[in-house]
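Comments concern the structure below.
Note that the coordinates shown come from a computational prediction; the quantities given were computed from them, not determined experimentally. Chain identifiers are assigned alphabetically (A, B, ...) following the order of the sequence lines, protein sequences preceding nucleic acid strands; residue numbering begins at 1 within each chain.
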Number of protein chains: 2
Amino acid sequence: MKKSDKHQKILNAAIKVFGQKGFFNARISDIAKEADVADGTIYLYFNNKYDILLTLFEEEIGKLIVEIKAAISQKTDQREMLYVFALHHLRLVIEKKELAEVLQMELRQSGESIKEYRLNKFADYVNIISEIIHTGQENNIFRRDLQAGIIKRAFFGALDEMSRLWILNPNHTYTLEESAEEISDIFLNGIVAD
Amino acid sequence: MKKSDKHQKILNAAIKVFGQKGFFNARISDIAKEADVADGTIYLYFNNKYDILLTLFEEEIGKLIVEIKAAISQKTDQREMLYVFALHHLRLVIEKKELAEVLQMELRQSGESIKEYRLNKFADYVNIISEIIHTGQENNIFRRDLQAGIIKRAFFGALDEMSRLWILNPNHTYTLEESAEEISDIFLNGIVAD
DNA sequence: TATAAATGAATGACAATTCATTCATTTATA
DNA sequence: TATAAATGAATGAATTGTCATTCATTTATA
């Protein structure tokens with residue numbers, strides 16, 4: 001087994017364990033067991049428990065950014081892009097449930113390095129929205145009397161709250177598609193210039 | 001000093017300490033110090049560390065519900081009610097910054113009892129929104145082709161994400177009023193029937 | 001004085017981290 | 001080619017530090 005394989009194997013185990021028990025309740029031995037590896041092996045690949053979490057943010061969010069950008073680049077109309085973002089984001093939450101749980105829970109923690117993540121890496125993800133908004137405003141598709149920064153947060157927050165519902169209550173009351181459609185609808189009819 | 005005074009004193013200290021360090025990084029001795037009380041005294045008023053957190057949810061969210069309901073009851077138009085909710089919610093986040101941080105962080109944690117709180121007590125708070133939406137739909141003020149449950153979550157999520165910005169980055173880029181106004185504006189022009 | 005409330009040092013459980021040891025694989029030597 | 005030496009990844013038991021919780025003692029109150 002190659003070194004990189006074991007690195008990813010441990011990360012995948014960590015996503016699962018952190019997702020189920022939360023960072024603080026997760027034991028290194030849980031992750032080791034899940035990864036089918038000795039406790040000590042983890043320290044050959046990561047500096048400490050917290051480093052696993054940060055690496056997880058770094059690498060996994062990076063993958064999400066690549067994926068969602070690819071999906072959006074299929075569209076040229078900013079209204080459609082917003083819908084595609086919503087659809088894709090919610091789909092990711094369902095497909096990568098455990099990762100979504102980790103991000104939901106742990107990105108809210110206090111602690112300076114986490115805050116920096118919110119301000120850096122994670123911001124990159126959310127800023128995909130503000131780029132769409134900004135371009136849409138330049139093209140006069142979206143109202144210019146609203147601040148892109150506020151729209152961005154409102155839109156992402158709306159999606160994030162739907163995700164939370166699914167994570168906490170797995171019997172989905174609303175389907176992926178209707179959620180993405182209705183949220184986009186609410187926002188578009190709010191931000192599209194008459 | 002009356003018993004109830006010390007109960008609240010410890011709770012206030014816990015809000016501060018949990019808000020700053022998060023539940024898991026907070027030590028009982030931190031709370032005791034902040035409350036100007038001996039470590040052991042805390043166990044005369046609470047069963048354990050976790051009980052402090054649950055009591056905090058129960059009692060403090062209860063107060064918020066009372067406050068915000070009072071503010072909303074001043075209005076009769078559901079559009080205005082929604083704006084008042086936004087304004088009041090964001091004002092609370094600024095005035096009770098530490099409590100807001102605790103709720104942001106800890107309501108996202110996994111663990112069954114926390115989840116039940118999200119599904120019960122906290123839901124009462126958010127459901128103030130769905131009541132407004134529902135009444136507004138009955139009065140034909142709001143579109144009926146959108147599901148109240150989705151609007152509720154989208155609206156709350158939008159506010160919650162703005163709160164997060166303020167909590168993480170205290171140099172407010174947007175004012176309280178403009179945030180409440182723009183978010184209400186986005187939503188109203190999305191959900192008000194033409 | 002008797003009872004209740006408060007104290008804070010001591011306890012013990014729990015996990016993160018360390019590190020001496022093992023062992024499969026690779027490289028050097030004859 | 002066969003044998004020996006070196007490597008370093010992997011192991012998991014032992015170490016260590018960290019608190020939550022307890023409880024014998026002290027202090028306040030009625």
Provide, to the nearest angstrom, the distance between the CG atom belonging to B:Asn48 and the P atom belonging to D:dC19. 17 Å
B:Asp39 CG to C:dA5 C1', straight-line distance once rounded to whole Å: 16 Å
Rounded to whole angstrom units, what separation is found between the CD1 atom of B:Ile28 and the C1' atom of C:dC14? 16 Å
Write out the stems for DNA chain D, ordered by first number and formatted as range with range, counting runs of at least 3 consecutive Watson-Crick or G-U wobble pairs under 3.5 Å. C:1-30 with D:1-30
Rounding to a whole Å, what distance do you find between A:Leu53:CG and C:dA16:P? 13 Å
Measure from the side-chain heavy atoms of B:Arg27 and tell me the nearest of D:dA20, D:dT11, C:dA5. D:dA20
For atom CG of A:Asn25 and atom P of C:dA16, their distance in whole Å: 10 Å
note: B:Asp5, atom CG; C:dA5, atom P; distance rounded to Å ~ 14 Å
Under 4.0 Å: is that the gap between some side-chain N or O of A:Tyr50 and OP1 or OP2 of C:dA16? no
Quick one: A:Asp51 CG to C:dA16 P, roughly how many Å, whole number? 15 Å
I need the CD1-C1' distance between B:Ile42 and C:dT7, as an integer number of Å. 12 Å
Of the nucleotides D:dA10, C:dA6, C:dT17, which has the atom closest to the B:Leu44 side chain? C:dA6
